[in-house]
Amino acid sequence: MTETSDTPPATGPASGEPSGRLRLLMRYVPLVAPVLLWAVPCWLLLYTGQHWPLPVTAAGTALAVLGLVGMPLAMVRGHGRRQRDRAAIVGDTLLGGAWILFTWSVLVTALLRPVLAVAGAGDGQDRARAAAWAVLGVTAVLLVWGYAEARRVPRVRRLDVPLPRLGAGLDGTRVVLITDTHYGPLDRADWSRRVCETVNGLEADLVCHTGDIADGTAERRRAQAAPLGTVRATRARVYVTGNHEYYSEAQGWVDLMDELGWEPLRNRHLLLERGGDALVVAGVDDVTAESSGLAGHRAHLDGALRDADPGLPVLLLAHQPKFVDRAAAHGVDLQLSGHTHGGQIWPFHHLVRLDQPTVAGLSRHGARTLLYTSRGTGFWGPPFRVFAPSEITLLVLRSPGADRLPPS
């Protein structure tokens, strides 16, 4: 692995601002969302023809009010200035549970009640109560399953990625991608260790972490991040910042990753060389870096590629998929990103698409550029993953000029 000299960030327009639609959404969602998340299920399950006994209706309404008041208070106490981990766990869990209950109360009520009516099953009250019980049953199953999915070691997703400009000497290069580990209020030190053991079993040439290591400062989450120091790669371990680092003293995370033996690619690149061929491995700070006010931090692709041979293929690490527009304009061959979590809890991926060009998987942008978006290795906030499984990704880079034996 050959390293280029560091390149200082250059001036340029800020690039971390969300789109107009997302800015509008972000302005009103914190005010409206909690009311919708708790009021809609309460109405659909208790007040649309079920005619529950008064104690049931009163208890259900009281729980909804408690959730409506308690969830925002716990979120503020957990993620605000005080950052109380226990409050964060309560608030995050309520948020995830409310989202699942909201989604499935709307879907099941809208679909099941008409089906039961067409089938002539019972009277209106029977159908309303059957739908309510179905909502509660589906929600309970998804909460248990989603929690197990979030806390397990991710499955390995393997795929070959053809890069037309990749030299034959680098054919078969094994790149492992982890991202969005989000070490946080729930202690995941043992999970982190098992993830790193899985990565080591993949015998990677290059291991990449594309940001959002944790929620909290490096000092606070050091024990959970420490197993990253055990990750092995034959060539290099490289890292770029995500937006969550900039909520938690990003320079501390850069310094800790350097201490753990990772190469923080802050607007610079390395060369991966083998068999007489070379690959530029570049990285940029997250697009929110400049607006963080942290001196010297910004996404600067020109700096990352400075002095790189334009004839060489480029693998770029950028936390957010939307950076791919600039990557394509610079002729990058492959961008690796995370950030989206694949939506994490269905159907949240539809909201993610308001801000990002892709949610998960391999996609093409422009004439040359491929983008791989990971669904993430960990989870943010709510300890649930529903129809958006986590992943550790093994990308095998393929050259069109390599001689490979056909499969037996």
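One-based numbering along the sequence shown.
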Can you tell me how the ring of [X] sits relative to the ring of [Y], calling it parallel under 30°, perpendicular over 60° and tilted otherwise?
| X | Y | answer |
| --- | --- | --- |
| Tyr183 | Trp191 | perpendicular |
| Trp52 | Trp133 | perpendicular |
| Trp43 | Tyr47 | parallel |

Option from Leu107, Leu101, Ile100 for which side chain to side chain contact (heavy atoms under 4.5 Å, CB included) with Thr103 holds: Leu107
CA sep, side-chain torsions, deciding dist, call: Arg113, Thr48, side-chain hydrogen bond (donor to acceptor under 3.5 Å, both in side chains): CA-CA 11 Å; Arg113 288 176 67 165; Thr48 53; 3.0 Å; yes
Taking everything shown except [X] itself, do over 12 heavy atoms lie less than 6.0 Å from its [atom1]?
| X | atom1 | answer |
| --- | --- | --- |
| Glu259 | CD | yes |
| Arg194 | CZ | yes |
| Gln251 | CD | yes |

Heavy atoms only: give me the nearest [X]-[Y] pair and the separation to one decimal.
| X | Y | answer |
| --- | --- | --- |
| Ser337 | Ala318 | OG-O, 2.6 Å |
| His339 | Pro321 | CB-CD, 4.0 Å |
| Ala218 | Gly252 | CB-O, 3.6 Å |

Counting distance only, does the side-chain N/O of [X] pair as donor-acceptor with the main-chain N or O of [Y] below 3.5 Å?
| X | Y | result |
| --- | --- | --- |
| Arg266 | Gly296 | yes |
| Ser192 | Gln224 | yes |
| Arg375 | Pro389 | yes |
| Arg129 | Gln50 | yes |
| Arg165 | Leu312 | yes |
| Asp180 | Gly378 | no |
| Arg158 | Val396 | no |
| Arg221 | Asp215 | yes |

If we ignore angles and hydrogens, is there a donor and acceptor under 3.5 Å between the side chains of [X] and [Y]?
| X | Y | value |
| --- | --- | --- |
| Ser248 | Arg220 | no |
| His209 | Thr181 | yes |
| Thr358 | Gln356 | no |
| Thr340 | Thr373 | no |

Working to the nearest 0.5 angstrom, can you tell me the gap between [X] [atom1] and [Y] [atom2]?
| X | Y | atom1 | atom2 | result |
| --- | --- | --- | --- | --- |
| Arg77 | Arg86 | CZ | CZ | 11.0 Å |
| Arg326 | Asp302 | CZ | CG | 10.5 Å |
| Thr393 | Tyr372 | OG1 | OH | 4.0 Å |
| Ile178 | Leu228 | CD1 | CG | 5.5 Å |
| His365 | Leu371 | NE2 | CG | 4.5 Å |
| Met75 | Leu94 | CE | CG | 9.5 Å |

Intermediate values then yes/no, side chain to side chain contact (heavy atoms under 4.5 Å, CB included), Leu397 and Val175: CA-CA 8 Å; Leu397 307 185; Val175 179; 4.0 Å; yes
Residue pair Leu166, Asp277: steps toward the side chain to side chain contact (heavy atoms under 4.5 Å, CB included) verdict: CA-CA 8 Å; Leu166 188 71; Asp277 292 304; over 6 Å; no
Between Tyr246 and Trp253, ring centroids under 6.0 Å: no
Lys/Arg-Asp/Glu bridge criterion (N-O < 4.0 Å) met for Glu149, Arg152: yes
Residues Asp285, Arg298: salt bridge by 4.0 Å N-O rule: no
Residues Ser292, Glu290; criterion side-chain hydrogen bond (donor to acceptor under 3.5 Å, both in side chains); working and verdict: CA-CA 5 Å; Ser292 73; Glu290 185 172 1; over 6 Å; no
Residue list, ring pair (Phe, Tyr, Trp, His ring centres under 6.0 Å) with Trp99, at least two apart or on another chain: Phe348
Arg385 vs Glu391, salt bridge (charged side-chain N to carboxylate O under 4.0 Å, His left out): CA-CA, chis, key distance, verdict: CA-CA 11 Å; Arg385 275 188 173 269; Glu391 65 179 81; over 6 Å; no
Passing candidate, side chain to side chain donor-acceptor pair (under 3.5 Å) with His319, options Asp212, Thr241, Asp286, Thr210: Asp212
